[in-house]
Amino acid sequence: MSLLIAGSIATDHLMSFGGKFADSLVVEQLDKLSVSFLVEDLDIRRGGCAGNICFGLAQLGLRPVLVGSAGEDFGDYRSWLEKHGVDCDSVRISEDLHTARFVCTTDATMAQFASFYPGAMSEARLIELAPIAERVGEPTFVLVGPDDPQGMVSHTQECRQRGYDFIADPSQQLAFGEGEMIRELVDGAAYLFSNEYESHLIESKTGWTADEILERVGTQVITLGPDGVRIVGRDQEKIEVPAVPNVAAVEPTGVGDAFRSGFLAALEWQLSHERAAQVGCVLAAYVVEQVGTQEYTFTHEQFVARLTDAYGEAAAADVRPHLLAS
Ligand SMILES: Nc1ncnc2c1ncn2[C@@H]1O[C@H](COP(=O)(O)OP(=O)(O)OP(=O)(O)O)[C@@H](O)[C@H]1O
Ligand SMILES: [Mg+2]
């Protein structure tokens with residue numbers, strides 16, 4: 001059995017400028033705009049939703065399979081993920097495009113100049129899941145995360161054709177997709193993940209009511225930021241799990257991905273949805289306390305201790321055998 005995580009693989013290149021961009025812009029000369037800023041630092045962070053989710057799963061002792069498209073420059077990132085236990089053997093390497101990159105410069109007033117280069121990500125549509133499943137074994141789930149839109153659609157269609165259970169996780173791509181594409185991504189998913197804002201976006205874009213969505217997906221998992229998570233499903237009671245208390249939030253980037261890692265790990269351990277949400281919330285708490293999406297560390301003892309503090313001994317008792325045995 002295997003867990004296939006399809007989605008973006010990207011790096012963020014973040015620079016900070018000590019002054020104010022506005023001081024360098026001459027409003028009357030905007031048609032001849034050409035400015036350059038001497039920045040103070042450059043921070044390069046590994047990211048992309050699929051990279052982040054795989055990293056989190058591997059931190060919990062699983063061996064997820066990263067499915068995505070990167071460039072020849074993927075080498076360092078690959079080594080990092082492999083060192084942490086992620087199977088990168090099915091990452092497609094583009095012959096002529098670089099790995100997706102977000103480049104952003106922020107000034108002292110938090111004004112930003114940013115660009116996103118999708119690059120090799122746009123070749124995700126060329127990836128076929130069947131040969132991957134042949135290599136690693138029939139997937140328990142294929143998560144279809146934000147990626148090249150055509151790639152997301154083709155992965156979802158392939159899952160339906162081959163009968164792989166899939167998890168729809170369109171998140172940031174919802175803003176750009178049309179209703180028909182989003183219906184295609186969601187229909188028939190075993191799980192649909194989103195935050196609360198995105199859950200409304202899914203309803204408005206698909207034209208389906210909340211109940212109609214539930215008729216099409218097994219279970220819908222809606223994260224509520226510091227308020228935790230709500231799980232609703234066709235033939236199940238609504239579950240609400242609070243977030244981990246007393247978290248010193250530093251930077252939220254990547255919390256959603258970390259939550260998914262924890263949730264999926266618990267599904268692989270065949271725990272209940274309530275436990276899955278709790279494991280997800282604990283992993284998300286680690287991420288929100290760090291700058292960067294793959295910078296957190298913990299021992300499995302610490303993870304179980306934190307789960308015990310937040311959700312009690314019964315939760316810990318279910319999770320402990322999986323973590324402290326791995
Ligand atoms: N301030 C916080 N304190 C504790 N836990 C948090 C906090 N913010 C988020 N979380 C945890 O992270 C989970 C996911 O958060 P959220 O709903 O904000 O995801 P998201 O909007 O997809 O985030 P992003 O897309 O920025 O990664 C929540 O269910 C919660 O468990
Ligand atoms: Mg999100």
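In listed order, ligands and their atoms are each counted from 1. None of the values given here were measured: they were computed from a predicted structure. One-based numbering along the sequence shown.
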(message) Any carboxylate oxygen within less than 4.0 angstrom of a Lys/Arg side-chain nitrogen, looking at Asp76 and Arg78?
(response) no
(request) May I ask you to check whether His273 and Tyr191 place their ring centers less than 6.0 Å from one another? (result) yes
(message) Between Asp107 and Lys20 (salt bridge meaning N to carboxylate O under 4.0 Å), is one present in this structure?
(response) no
(message) If you take the centroid of each ring, where Trp contributes its six-membered ring, are His84 and Phe55 closer together than 6.0 Å?
(response) yes
(message) Residues around ligand 1, heavy atom under 4.0 Å from any ligand atom, sorted by chain and number. Can you pull those?
(response) Asn195, Thr223, Leu224, Gly225, Pro226, Gly228, Ala243, Val244, Val247, Ala249, Pro252, Gly254, Val255, Gly256, Cys281, Ala284
(request) Please state whether the rings of Phe263 and Phe193 are parallel, tilted or perpendicular, taking 30° and 60° as the class boundaries. (result) perpendicular
(request) Assign the ring pair Phe21 / Phe113 to parallel, tilted or perpendicular, where the plane angle (0 to 90°) is split at 30° and 60°. (result) tilted
